[in-house]
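Order of appearance sets the numbers: ligands from 1, and atoms from 1 within every ligand. The basis for the numbers below is simple: all heavy atoms, side chains too, and nothing from hydrogens, waters or symmetry mates.
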Amino acid sequence: MTKDWKTRTQLVHEGSRRSQYGEMAEAIFLTQGFVYPTAEAAEARFVKASEDEFIYARYGNPTTRMFEERIAALEGTEDAFATASGMAAVSGALMSCLRAGDHVVSSRALFGSCLYVLEDVLQKFGVRVTFVDGADLDQWRKAVTPGTKAVFFESMSNPTLELVDIRSVSEIAHAVGALVICDNVFATPIFSRAVEQGADVVVYSTTKHIDGQGRALGGVVCGTKEFIRKTLEPFMKHTGGSMSPFTAWIMLNGMATLDLRCRAMADTALTLARALADHPNLSRVIYPGLASHPQHDLALAQMGSGGTLVTFDVKGGKEAAFRFMNALATRTSDLHKRLRTSWASRRA
Ligand SMILES: *Cc1c(COP(=O)(O)O)cnc(C)c1O
């Protein structure tokens with residue numbers, strides 16, 4: 001149950017389950033299965049498991065469950081299902097609720113793997129997909145028709161930071177009974193309350209901000225109990241894209257500092273974007289927190305922030321861009337060389 005906790009408290013404590021040992025930190029239940037006192041108890045659990053009963057880690061696990069409850073509370077949804085990667089969350093959310101003959105409308109500005117799922121996988125199984133310019137509400141209005149089953153978008157998009165007006169697109173979709181699936185990875189659950197603005201299902205790659213420290217792949221789908229347990233869970237648990245308990249433990253620990261990190265990153269991003277905005281060697285700086293960004297007002301209204309990422313184009317095309325990146329890499333290899341030397345001298 002939602003307590004009167006502030007976000008930062010929720011991020012540390014929500015969903016915690018303690019074993020009989022009363023451990024302070026979340027335990028990692030590295031077990032794939034669970035034992036039953038009797039065959040009858042096993043049968044009963046398969047028919048209907050209670051809150052504290054688990055069957056098999058692909059179906060659920062105490063550590064994974066803690067993570068699901070924590071993120072659902074943060075997101076403000078009834079439930080969540082943790083997945084092996086962000087792409088397992090995106091493909092699971094779409095595949096679990098669609099069938100051949102269905103129609104989906106999606107924004108065109110998508111992360112490459114999301115585009116593959118919508119453009120190749122769904123269409124291969126007979127789902128029709130219409131792509132629109134996600135920022136253009138007229139295109140959404142035209143594309144969404146009474147037969148549309150779901151709409152999908154990233155807000156903001158990876159990597160061009162395009163926003164979708166979640167409230168308006170949700171109204172357009174709901175008018176024909178279509179499900180609104182929002183990939184909220186770049187906006188983060190700290191800045192974007194996609195569900196409050198009308199989204200029905202929110203997906204994350206937890207690989208990004210939620211782990212935040214580059215340690216593990218993961219994903220999660222947030223939504224109503226009905227969608228998560230009746231539509232998504234059967235698909236995920238039988239097709240194998242569930243999150244491992246060890247990963248869930250990493251994500252639980254990542255969440256503890258999520259609010260602090262995202263706010264610090266957004267401050268740095270704004271400082272960087274301002275410093276780079278008029279740089280003579282850049283042809284374009286994209287940051288929704290800059291007043292010059294075409295969706296600046298929407299970003300502030302929807303996220304209260306420009307977000308944690310800055311994108312820019314280096315003048316001079318690929319050659320100049322590579323020169324810029326390799327100049328960064330050179331410093332990295334210098335560092336590697338220094339580290340190797342110091343390890344070698346320590347061994348000697
Ligand atoms: C990274 C990313 C994904 C995929 O997540 P993985 O954890 O790498 O599978 C999906 N959508 C967006 C917007 C992303 O940035």
Are any of the side-chain heavy atoms of Ser205 and Met87 separated by less than 4.5 Å? no
Proximal ligand 1 atoms for Ser85, defined as those under 4.0 Å from one of its heavy atoms: 7 (O), 9 (O)
Thr207: numbered ligand 1 atoms lying under 4.0 Å from its heavy atoms: 6 (P), 7 (O)
Flag Val185 as yes when one of its N or O atoms lies below 3.5 Å from any N or O atom of ligand 1, and as no otherwise. no
Establish whether Tyr116 and Val203 are linked, either directly or via other cluster members, by ILVMFWY side-chain heavy-atom contacts under 4.5 Å. yes
So if I count the atoms of ligand 1 from 1 in the order they appear, which ones are less than 4.0 Å from some heavy atom of Phe186? 15 (O)
Checking heavy atoms under 4.0 Å, the part of Glu154 that sits near ligand 1 is side chain
Verify same cluster id: Ile210, Met265 (apolar side-chain graph, 4.5 Å): no
Does ligand 1 have an atom under 4.0 Å from some heavy atom of Ser113? no
Would Gly86 count as being in polar contact with ligand 1, using the rule that some N or O on each side must be under 3.5 angstrom apart? yes
Write out the residue and atom name of the closest protein heavy atom to atom 9 (O) of ligand 1, then the distance separating them to 0.1 Å. Met87 N, 2.9 Å
Sub-4.0 Å atoms of ligand 1 with respect to non-hydrogen atoms of Cys114: 10 (C), 11 (N)
Do Phe81 and Phe235 belong together in a cluster built from hydrophobic side chains that touch within less than 4.5 Å? yes
Within-shell test, Gly218 vs ligand 1, heavy atom, strictly < 4.0 Å: yes
Do you know the tightest heavy-atom contact between Ala143 and Val105? O-CG2, 3.6 Å
Under the side chain to side chain contact (heavy atoms under 4.5 Å, CB included) test against Met243, which residue among Glu68, Met236, Met251 passes? Met251
Could you tell me whether Tyr204 and Phe186 have their ring centroids closer than 6.0 angstrom? no
Does NZ in Lys230 sit with more than 12 non-hydrogen atoms of other residues, nucleotides or ligands closer than 6.0 Å? no
What residue and heavy atom of the protein are closest to atom 12 (C) of ligand 1, and at what distance? Asp183 OD2, 3.4 Å
protein heavy-atom neighbour closest to atom 14 (C) of ligand 1 works out as Lys208 NZ, 3.0 Å
